[in-house]
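Counting starts at 1 for both ligands and their atoms, in listed order. When reading the values below, keep in mind they use all heavy atoms of this one structure, side chains included, and skip hydrogens, waters and symmetry mates.
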Amino acid sequence: MLNRRIAEILRSGQPDESLLVQGWVRTKRELKGFAFIEINDGSSLANLQVVINEDVPEYETTIKNLNTGAAVEVAGVLVASQGKGQRIELKAEKLKLYGEADPETYPLQKKRHSFEFLRTIGHLRSRTNSFGAVFRVRNACSAAIHQFFQERGFLWVHTPIITASDCEGAGELFNVTSLDLKNIPRTENQAIDYSQDFFGKPTYLTVSGQLEAEVMAMAFGNVYTFGPTFRAENSNTSRHLAEFWMVEPEMAFCDLEGDMDLAEAFLKYIFEYVLAKCPEDMEFFNQRIDNSVLATAENIINNQFERLTYTDAIKLLEKADVKFDYPVSWGLDLQSEHERYLAEQLFKKPVIVTDYPAQIKAFYMRLSDDEKTVRAMDILAPKIGEIIGGSQREERLDVLERRIIAQGMKPEDLWWYLDLRRYGTVPHAGFGLGFERLVQFMTGMGNIRDVIPFPRTPQNAEF
Ligand code: ATP
Ligand code: MN
């Protein structure tokens, strides 16, 4: 007999079809002579209603154990549903109970649980409506990202997770070592002797795959990374994880305008894709999590993003009739409250801010002729703030060397990166998208811990 996914049955199942479903019981209602159970197999938000008459052979022995959370297999025939709420239901002919779930101890009984509580049962929370919807949308976002780039001929490149270069100079690095922490080898002047470590030098978990993506772009033209990145951010915010996924396209023969065009098309594509693939889940978020989710998605898809320079953004912020907590002045970085003011209040749509002061941006961003600004761009989105950060890269060897030194780094450490400017250098550009920020934005979920199956944050690496 055909083993079918519930999403597909609910969409296209017809009366009289015989089929088999496997899943977990969400609810049970026992009536006189028969019972209803609702089964969910993770393929959709909606459950499949199953009617079990007492003449089903296993009824006697299993019905009392078909509780919320139990794993079951039901073979039966589809019938048009008499009840409200569903088009079709399954009339059971054969039941098999795999694993029971004791109602006394199974934590997911039928009531609303807070996201805080659900984080304490990270191994079970994916069986709830909210997390089912989140992880289906997360999956659709991943698929959309690959499809977008693959359709355009970009090569997916796998950049290393262990690295010896601190790309951003951010300092929020996790060390990778195989040294015995109880007996750390020391040099004569008591520094840690990394020559005895696994790689013979200090190494870290990567904070970005960009530098290596640039290497690959110089051979393949257009590439992208999509992989995990790590930051030892000791900030407990609703937008920071210690382990998160990043998407980083890199394009040779491309300037900042091309970069912005790609980023805008990319965001629009993902939103359209998810609305088309997960309409039921998106409707759920709009009703239960944040009632602006669908309007925001439409806003992204239908509006041209506002583009303005950092200098103009500062002027607008100085004129703003709101009181900010952090100061606004040319040369200071924009804080989240400023970004949100621009996107949410002023323009009411995504805003791309370009040409930031060189001293607040990374060494690899291309210096403009004014020598004060770099060809950087951040996309600021309503509700979330910065969602994409990108730039045209510095392709001129002498300027890049100067910038590396000015930022207190050693050109020797980046010899291979500089080689890209020695041999066949070309204008190129790229951006980084924090994948969880995107999923947060898409779903309206307030806390980034709730859009990744196993969040890693300070003091928390359970599950
Ligand atoms: P923020 O100011 O929010 O800390 P950032 O300037 O440190 O961000 P980038 O270094 O530009 O961020 O990283 C690229 C993208 O990765 C960001 O635009 C953001 O979407 C995402 N990102 C950065 N840090 C984190 C984090 N700790 N957890 C999840 N996503 C992150
Ligand atoms: Mn940061």
Side-chain angles (χ1 to χ4, degrees), residues 138 141-142 145 159 163 165-174 204-211 213 224-250 259-260 263-264 266-267 270 305 310 326 332-340 342-343 350-354 356-357 359-365 374-393 407 429-443 445-461:
R138 187 182 164 106
C141 288
S142 308
I145 287 165
T159 50
T163 148
S165 59
D166 168 9
C167 172
E168 304 279 334
E172 296 153 339
L173 298 163
F174 284 103
Y204 318 94
L205 293 179
T206 187
V207 298
S208 157
Q210 185 202 313
L211 301 192
Y224 68 107
T225 72
F226 187 179
T229 51
F230 306 85
R231 295 195 189 172
E233 318 244 25
N234 216 343
S235 54
N236 255 307
T237 79
S238 58
R239 309 188 314 135
H240 290 89
L241 292 164
E243 176 178 298
F244 63 100
W245 287 63
M246 193 128 81
V247 180
E248 296 176 284
E250 191 69 37
D259 200 31
M260 289 190 279
E264 183 168 343
F266 173 68
L267 285 178
I270 300 171
F305 295 6
Y310 167 90
Y326 289 88
L332 297 181
D333 208 354
L334 300 183
Q335 299 295 323
S336 171
E337 55 173 348
H338 308 136
E339 299 176 342
R340 292 184 62 163
L342 292 171
V351 175
I352 313 184
V353 179
T354 62
Y356 282 80
Q359 75 262 23
I360 58 169
K361 288 289 183 184
F363 70 89
Y364 50 73
M365 298 187 177
V374 286
R375 298 245 68 198
M377 63 108 174
D378 281 355
I379 302 190
L380 316 177
K383 302 255 169 187
I384 278 270
E386 179 189 329
I387 184 161
I388 279 181
S391 66
Q392 184 172 336
R393 319 308 188 187
Q407 299 213 355
F431 63 80
L433 165 84
F435 184 59
E436 284 73 20
R437 298 266 178 97
L438 171 77
V439 180
Q440 254 191 297
F441 188 30
M442 185 79 68
T443 58
M445 294 293 286
N447 197 311
I448 199 166
R449 291 167 179 79
D450 299 329
V451 298
I452 187 166
F454 305 102
R456 298 289 177 257
T457 51
Q459 302 297 314
N460 174 40

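Less than 4.0 angstrom separates some heavy atom of E233 from each of these atoms of ligand 1: 24 (N), 25 (C), 26 (C), 27 (N). If you number the atoms of ligand 1 from 1 as listed, the ones under 4.0 Å from a heavy atom of M246 come out as 14 (C), 15 (C), 16 (O). Taking a cut-off of under 4.0 Å to the non-hydrogen atoms of I448, the atoms of ligand 1 that pass are 29 (C). The ligand atoms of ligand 1 that sit less than 4.0 angstrom from a heavy atom of R239 are 3 (O), 28 (N), 29 (C).
Under the salt bridge (Lys or Arg N to Asp or Glu O under 4.0 Å) test applied with E436, the options R449, R138, R239 reduce to a single match, R138.
No more than 12 heavy-atom neighbours from other residues, nucleotides or ligands sit within 6.0 angstrom of OH on Y326.
For F226 and F435, the ring centers are positioned less than 6.0 Å apart.
Under 4.0 angstrom from ligand 1, the non-hydrogen atoms of H240 come from both its backbone and its side chain.
Polar contact with ligand 1: absent for F244 (N/O pair, distance under 3.5 Å). Inclusion of G434 in the set of residues having an N or O under 3.5 Å from an N or O of ligand 1 is warranted.
Aromatic ring pairs are classed by plane angle as parallel below 30°, tilted from 30° to 60° and perpendicular above 60°; the pair Y310 and Y356 is tilted.
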Contacts under 3.5 angstrom, residues 451-459 side chains, donor-acceptor by atom type, not counting sequence neighbours:
unit_1	atom_1	unit_2	atom_2	d
R456	NH1	E462	O	3.3
R456	NH2	F463	O	2.9
T457	OG1	N460	ND2	3.4

